[in-house]
Amino acid sequence: MTKIITIDGPSGSGKGSVSRLLAKKLGFSYLDSGALYRLLSIAASRCQVASNNKKGLESLAEHMDICFELDDTGELRALLEGEDVTLEMRTENTGELASKIAGHSEVRAALLKRQRLFAKGDGLVADGRDMGTVIFPNANLKIYMTASIEERASRRYKELLAKGEDVSLRALAEQVRARDERDMSRDVSPLVPAEDAIELDTSSLSIKEVLETILDTLDAKGFR
Ligand code: C5P
């Protein structure tokens with residue numbers, strides 16, 4: 001049986017970095033479900049499918065040709081129809097559009113099947129918003145990671161500055177707040193902790209400390 005660990009939480013909670021490190025440490029596969037929504041939004045822009053065209057988006061979600069791989073530095077690279085779209089996938093615009101189309105139940109149903117296919121082999125670390133509540137409700141361990149809006153905006157600010165992008169911290173905090181609001185209040189699969197999830201506030205923790213906390217939890221559960 002494939003062991004499944006779900007790590008859900010809002011953007012900037014650190015779940016992506018922690019999930020990738022955890023998957024590497026355990027020798028498990030990794031699913032970045034947000035990347036699927038992001039690739040769908042890029043595919044929609046390329047094919048000129050509007051963000052309110054539910055049927056068009058559903059069809060793209062079912063048929064788009066995607067491929068993920070972790071590179072040597074541990075970062076996720078993404079191919080869409082054979083084209084490397086890694087950089088475009090991480091822009092704020094792509095994230096915004098992804099969050100909009102993620103509200104359509106047709107899109108979520110089409111991506112649900114694709115996400116479950118990632119569960120194979122020894123284990124999977126699945127990172128997203130509804131991994132523990134909808135996609136893998138029987139997961140062996142569910143973590144819900146969060147952090148204050150200020151801390152999440154500041155993390156994003158530093159990331160973008162390091163990439164040479166000119167951004168305002170205040171505007172980023174507003175974007176983080178608006179994205180939370182949309183993800184938490186939508187009708188289908190809103191971002192909420194699963195009832196049996198362990199909640200982890202990472203505001204004052206480093207990635208290393210979060211990883212150690214999760215590994216301790218796994219040990220306490222006799223998981224490793
Ligand atoms: O995690 P990331 O920022 O890459 O996700 C982009 C958007 O995709 C989120 O704001 C959210 O609206 C959507 N998403 C989702 N369900 C998931 C993962 C991401 O609705 N499991």
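Counting starts at 1 for both ligands and their atoms, following the listed order. The structure displayed is predicted, hence computed values, not measured ones.
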Would you say Gln115 has any N or O atom under 3.5 Å from an N or O of ligand 1, going by distance alone?
no

Would you say Ser33 and ligand 1 have an N/O pair spaced under 3.5 Å apart?
yes

Counting each atom of ligand 1 from 1 as listed, which ones have a heavy atom of Arg179 under 4.0 Å away?
3 (O), 6 (C), 9 (C), 10 (O)

Would you mind listing which atoms of ligand 1 come within a distance below 4.0 Å of any non-hydrogen atom of Ala102?
12 (O), 13 (C), 20 (O)

Taking non-hydrogen atoms only, is Asp183 closer than 4.0 angstrom to ligand 1 via side chain, backbone, both or neither?
side chain

What I'd like to find out is whether the side chain of Asp127 reaches to under 4.5 Å of the side chain of Leu31, using heavy atoms alone.
no

Where's the contact between Lys15 and ligand 1, heavy-atom distance under 4.0 Å: side chain, backbone, both or neither?
side chain

Ignoring angles and geometry beyond distance, decide whether Asp32 reaches within less than 3.5 Å of ligand 1 through its nitrogen or oxygen atoms.
no

Please say yes or no: joined through hydrophobic side-chain contacts below 4.5 Å, possibly via intermediate residues, are Met131 and Met145 part of one cluster?
no

Whether the Arg182 and Ser99 side chains hold a donor-acceptor pair (N or O, under 3.5 Å, no angle test) is what I'd like checked.
yes

Write out the residue and atom name of the closest protein heavy atom to atom 9 (C) of ligand 1, then the distance separating them to 0.1 Å.
Arg129 NH2, 3.3 Å

Linking I/L/V/M/F/W/Y whenever any side-chain heavy atoms sit under 4.5 Å apart, do Leu112 and Val192 land together?
no

Close side-chain approach of Ile66 to Leu36, heavy-atom, < 4.5 Å
yes

Within-4.5 Å side-chain heavy-atom neighbours: Arg156 and Glu151:
no

Any nitrogen or oxygen of Arg90, side chain or backbone, less than 3.5 Å from one on ligand 1?
no

For Arg38, counting its heavy atoms only, list the atoms of ligand 1 lying under 4.0 Å from any of them.
2 (P), 3 (O), 4 (O), 6 (C)

Can a donor-acceptor pair be found between the side chains of Thr91 and Asn93 at a distance below 3.5 Å?
no

A student checking ligand 1 against Met131 at a 4.0 Å heavy-atom cut-off should list atoms 21 (N)

Hits for side-chain hydrogen bond (donor to acceptor under 3.5 Å, both in side chains) against Arg90, two or more places apart or cross-chain, chain-then-number order -> Asp32

Sub-4.0 Å atoms of ligand 1 with respect to non-hydrogen atoms of Arg186:
12 (O), 15 (C), 16 (N), 20 (O)

Counting each atom of ligand 1 from 1 as listed, which ones have a heavy atom of Arg108 under 4.0 Å away?
15 (C), 16 (N), 17 (C), 20 (O)

Met89 to Ala35 - nearest heavy-atom pair and separation:
SD-CB, 3.9 Å

Applying a strict 4.0 Å limit to heavy atoms, is Arg182 in contact with ligand 1?
no

